[in-house]
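The block underneath contains the structure these notes are about, expressed in structure tokens.
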Number of protein chains: 2
Amino acid sequence: MSCQSKSCEKCHHNICTYRVPIFSDLEQNEMTKVTELIITRKYARGEMIVMEGNQLEGLYIIHSGRVKAFRYTQEAKEQILYLFSEGDFFGEKNLLRKQPVTYHAEALEETQICVIPHHSFHELLKEVPSINYKIMDQLCIRIEHLESLIQNMGTRDMEARISAILLEFAEKYGSKQKDGILVSMPLSREGIANYIGVTRETISRKLSRLQEDGIIELVGNKKLKILDLSALEQDFI
Amino acid sequence: MSCQSKSCEKCHHNICTYRVPIFSDLEQNEMTKVTELIITRKYARGEMIVMEGNQLEGLYIIHSGRVKAFRYTQEAKEQILYLFSEGDFFGEKNLLRKQPVTYHAEALEETQICVIPHHSFHELLKEVPSINYKIMDQLCIRIEHLESLIQNMGTRDMEARISAILLEFAEKYGSKQKDGILVSMPLSREGIANYIGVTRETISRKLSRLQEDGIIELVGNKKLKILDLSALEQDFI
DNA sequence: CGGGCACTTGATAGTAATCAAGTCCGGTGG
DNA sequence: CCACCGGACTTGATTACTATCAAGTGCCCG
């Protein structure tokens with residue numbers, strides 16, 4: 001894990017400030033102020049960023065890369081709670097409630113994190129109270145995500161659960177092509193399984209089934225193409 | 001549904017203000033101000049309080065009673081997301097993001113709700129900005145609850161899942177007795193089933209099993225006594 | 001006391017977990 | 001550039017579990 005520390009004037013676009021929804025209201029000079037407070041860190045694929053119970057020194061904002069946040073179930077299986085991307089943050093419980101993080105976070109690919117130390121953030125908050133609303137906004141979005149995940153995990157029909165995940169991935173990581181939507185999968189088969197609470201074998205079988213039915217096309221292990229979007233949505237709705 | 005409208009000076013203790021965490025920082029005179037803005041409503045057991053998609057006119061705070069919040073799964077089964085009690089609120093997405101509520105809410109028993117209209121709440125927020133923190137606090141608590149529920153739903157071992165629910169109920173609705181913890185169950189068997197994503201028959205069987213094993217004792221259909229707390233916790237941990 | 005609804009219990013069937021081989025893909029080194 | 005190696009993935013067979021269907025039973029309320 002290497003630290004790049006403070007930023008120069010010329011590489012502002014490499015700093016989180018410009019990419020993060022919670023700072024979207026900031027004026028130019030405020031941006032600069034924030035930028036000076038930020039420390040950036042780099043993590044390799046598979047590296048742990050935080051562990052459940054950690055007391056973080058600040059708010060962790062993802063500058064680039066993808067991160068999975070998970071807890072362990074009783075059977076010591078990973079249960080994924082969130083997939084974070086550029087602009088997402090974690091450690092807010094530390095910031096707002098002085099509570100340690102409640103999940104593990106692991107880089108899914110090379111990932112850069114911007115850390116805003118607690119005291120810096122609270123000072124910023126005093127000067128720009130509108131950030132408060134932005135945070136609440138993000139918290140509400142997170143709540144919505146969790147509520148949907150629970151709704152999904154409550155449906156017994158595995159087909160529908162997988163369809164829901166594929167639609168989510170298509171939305172976040174897909175690109176339209178003339179014959180369908182090409183999705184760059186953020187998770188391995190096992191990862192998907194740990195997201196919706198089943199085994200990797202089940203995911204394999206169901207994806208194969210969807211391919212047989214001509215609904216999707218597997219492109220290697222890390223990509224797939226959605227050929228019949230409406231069929232997936234029908235499953236889902 | 002009957003409206004009792006404004007409050008008198010003498011029955012302040014009947015108004016939400018004094019029972020709600022988000023107002024715990026308020027001064028006496030601020031309390032009074034809030035109290036005057038509040039409209040109270042009464043709902044009977046089984047009555048719907050809000051439906052998914054509703055645009056609420058304000059923040060709904062539970063003054064007394066119990067409420068279940070749920071969504072429907074693909075199979076049109078209820079998936080319970082929250083059990084709300086005195087002091088809990090909903091409709092915050094309307095307040096903070098102008099988004100409709102994302103779940104149905106139904107009174108589990110006779111329930112009184114205090115409604116703080118949007119504009120009143122926003123005015124209050126201007127005068128007492130610390131309420132912001134309280135709300136974020138509550139949102140974080142809600143997130144924690146949802147994360148735990150997902151973790152629980154991700155464990156395959158049904159025994160462990162039910163144990164987790166019983167421990168949650170014991171915490172929230174239990175009273176210590178010399179031979180165990182008497183828990184007043186907020187949900188029917190079917191309700192419990194809809195909380196952890198199984199069928200009512202499965203709940204019945206597992207509860208019977210726990211009784212056979214001397215871990216709990218069923219007291220009618222609406223109460224149960226936990227005789228061996230550590231056995232439940234062992235299941236759970 | 002009676003009726004209805006929630007609950008319990010039993011039998012069966014369906015589905016995913018588990019166990020167990022293979023197979024494929026991607027990366028590495030020659 | 002190709003061959004090889006290891007980990008991820010697929011597929012098959014079996015087992016275990018819960019859903020489902022069905023028939024009582026008992027609790028609670030009027």
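Each chain gets a letter, A, B and so on, in the order the sequences are listed, and its residues count up from 1.
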Reported CG-to-CG distance for the pair A:Leu210 and A:Leu166, which is rounded to 0.5 angstrom = 6.5 Å
B:Ile203 CD1 - C:dT9 P separation (whole Å) | 14 Å
Take atom CD of B:Glu109 and atom P of D:dC29, then tell me their distance rounded to the nearest Å.
-> 13 Å
Of A:Gly220 and B:Glu159, the one whose closest DNA chain D nucleotide lies more 5' | A:Gly220
Value in whole Å for how far the P atom of C:dC7 lies from CG of B:Leu218 | 11 Å
Any idea which of D:dC21, D:dC9, C:dA17 is nearest the A:Arg189 side chain?
-> D:dC9
Assign each of A:Gly197 and A:Asn221 the nucleotide of DNA chain C bearing its closest heavy atom; nearer the 5' end lies the nucleotide of A:Gly197
Does the side chain of B:Glu57 pick up a donor-acceptor pair with the side chain of B:Tyr60 at under 3.5 Å?
-> yes
Whole-Å distance between D:dT11 P and A:Gln211 CD?
-> 8 Å
Can you tell me if the side-chain N/O atoms of B:Thr202 get under 4.0 Å from OP1 or OP2 in D:dT18?
-> no
C:dT18 base / A:Arg205 side chain donor-acceptor hit below 3.5 Å | yes
Sugar-phosphate, base or nothing in reach of B:Glu201, heavy atoms under 4.0 Å | base
How would you label the contact of A:Ser188 with the nucleic acid (heavy atoms, under 4.0 Å): base, sugar-phosphate, or nothing?
-> sugar-phosphate
Could you tell me whether B:Lys206 contacts a base, only the sugar-phosphate backbone, or nothing, with contacts defined as non-hydrogen atoms closer than 4.0 Å?
-> sugar-phosphate
Spacing of A:Met185 atom CE relative to C:dC25 atom P, expressed in whole Å = 16 Å
Can A:Arg142 be said to sit on top of A:Phe90's aromatic six-ring, NZ or CZ under 6.0 Å from centre and within 45° of the ring axis?
-> no
Taking atom CD1 of B:Ile165 and atom CG of B:Asn152, what is their separation to the nearest 0.5 Å?
-> 5.5 Å
Nearest to the side chain of A:Ser204 - D:dT11, C:dT9, C:dT8?
-> D:dT11
Side chain of A:Arg156 - closest among C:dA17, D:dT11, D:dA19 | D:dA19
For A:Arg200, answer base if it contacts any base atom (sugar-phosphate contacts may also be present), sugar-phosphate if it contacts only those atoms, and nothing otherwise; contact means non-hydrogen atoms under 4.0 Å.
-> nothing
For A:Val198 and B:Gly191, take the nucleotide of DNA chain C holding the closest heavy atom to each; which residue's nucleotide lies nearer the 5' end?
-> B:Gly191
Do any side-chain nitrogens or oxygens of B:Thr199 fall under 4.0 Å of OP1 or OP2 in D:dT18?
-> no
Round to the nearest Å and state the distance from B:Lys223 atom NZ to D:dC27 atom P.
-> 15 Å
D:dT11 P sits how many Å from A:Leu207 CG, rounded?
-> 10 Å
Nearest to side-chain heavy atoms of B:Met158, which nucleotide of D:dT18, D:dC9, C:dT8 | D:dT18
Presence of salt bridge, B:Glu159 and B:Lys206, under 4.0 angstrom = yes
Relative to A:Tyr173, does A:Arg66 satisfy both conditions: NZ or CZ under 6.0 angstrom from the six-membered ring centre, and within 45 degrees of the ring's axis?
-> yes
Check the distance between C:dT8's P and B:Arg209's CZ and give it to me in whole angstrom.
-> 16 Å
